[in-house]
Amino acid sequence: FMAKMVVELPLLFVTSAEIWLFGYFFCEFNGNFIVIVLGSFLIASVAASTALIIGSAVPNVKKGMELTPLCFVPQLLFAGFFVK
C-alpha cells in the first residue's frame, strides 16, 4: 500500500498542478494558487487511497466494481453537491 502511494503521489501532484495551471489563470480565479493545488492534490490522494483499499479488500474485480459505488456515492450525497 505505502509503496504504491509513494510512487503515485508525484503523479497526482503534477496532474493537479497541470489542471489548475490552465484553469486558474485563464478563468482569473481569486485565491492562493498553491492552496488550491494542494487541496486538489489531497482530494485526489484520498480518492486514490480509498480505491486502493477497496481493491485490496475484495477477492475479485467484479466485487470491487460493485463495492466502489457503494463507497463513493454516499460521499457525494452527504457532501452537499445536490443541495440547492
Side-chain angles (χ1 to χ4, degrees):
F1 176 76
M2 290 301 291
K4 182 167 174 34
M5 287 309 298
V6 166
V7 170
E8 226 172 67
L9 287 178
L11 179 64
L12 290 173
F13 183 77
V14 169
T15 305
S16 298
E18 182 181 18
I19 289 169
W20 281 108
L21 190 63
F22 294 112
Y24 183 83
F25 295 110
F26 286 144
C27 296
E28 299 176 359
F29 285 129
N30 294 326
N32 192 352
F33 176 74
I34 299 299
V35 172
I36 293 173
V37 169
L38 287 176
S40 177
F41 166 70
L42 290 174
I43 290 170
S45 299
V46 168
S49 297
T50 305
L52 184 61
I53 288 172
I54 290 171
S56 300
V58 296
N60 58 25
V61 176
K62 185 176 182 210
K63 298 241 185 211
M65 294 299 289
E66 292 171 355
L67 189 60
T68 301
L70 291 175
C71 181
F72 284 115
V73 170
Q75 291 177 8
L76 289 173
L77 291 175
F78 291 124
F81 289 121
F82 303 112
V83 177
K84 282 190 170 185

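What you see is a predicted model; the values in this text were computed from it and never measured.
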Should [X] and [Y] be counted in the same cluster of Ile, Leu, Val, Met, Phe, Trp and Tyr side chains packed under 4.5 Å apart?
X: F33; Y: I36; value: yes
X: F25; Y: I34; value: yes
X: W20; Y: L42; value: yes
X: F29; Y: L38; value: yes

Smallest separation among heavy atoms of L11 and T15, with atom names: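 Residues L11 and T15, closest heavy atoms: O-OG1, 2.7 Å.
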Taking atom [atom1] of [X] and atom [atom2] of [Y], what is their separation to the nearest 0.5 Å?
X: E8; Y: S49; atom1: CD; atom2: OG; answer: 7.5 Å
X: F41; Y: F13; atom1: CZ; atom2: CZ; answer: 7.0 Å
X: S16; Y: L12; atom1: OG; atom2: CG; answer: 6.5 Å

More than 12 heavy atoms of other groups within 6.0 Å of F26 CZ: no
Going by atom type alone, with no hydrogens or angles, which donor-acceptor pairs under 3.5 Å involve a side-chain atom of residues 62-71 and a protein atom two or more places apart or on another chain?
residue	atom	partner	partner atom	Å
T68	OG1	G64	O	2.6

Residues clustered with F78, ILVMFWY side-chain links under 4.5 angstrom: none
Note, V37 side chain near Y24 side chain (heavy atom, < 4.5 Å): no
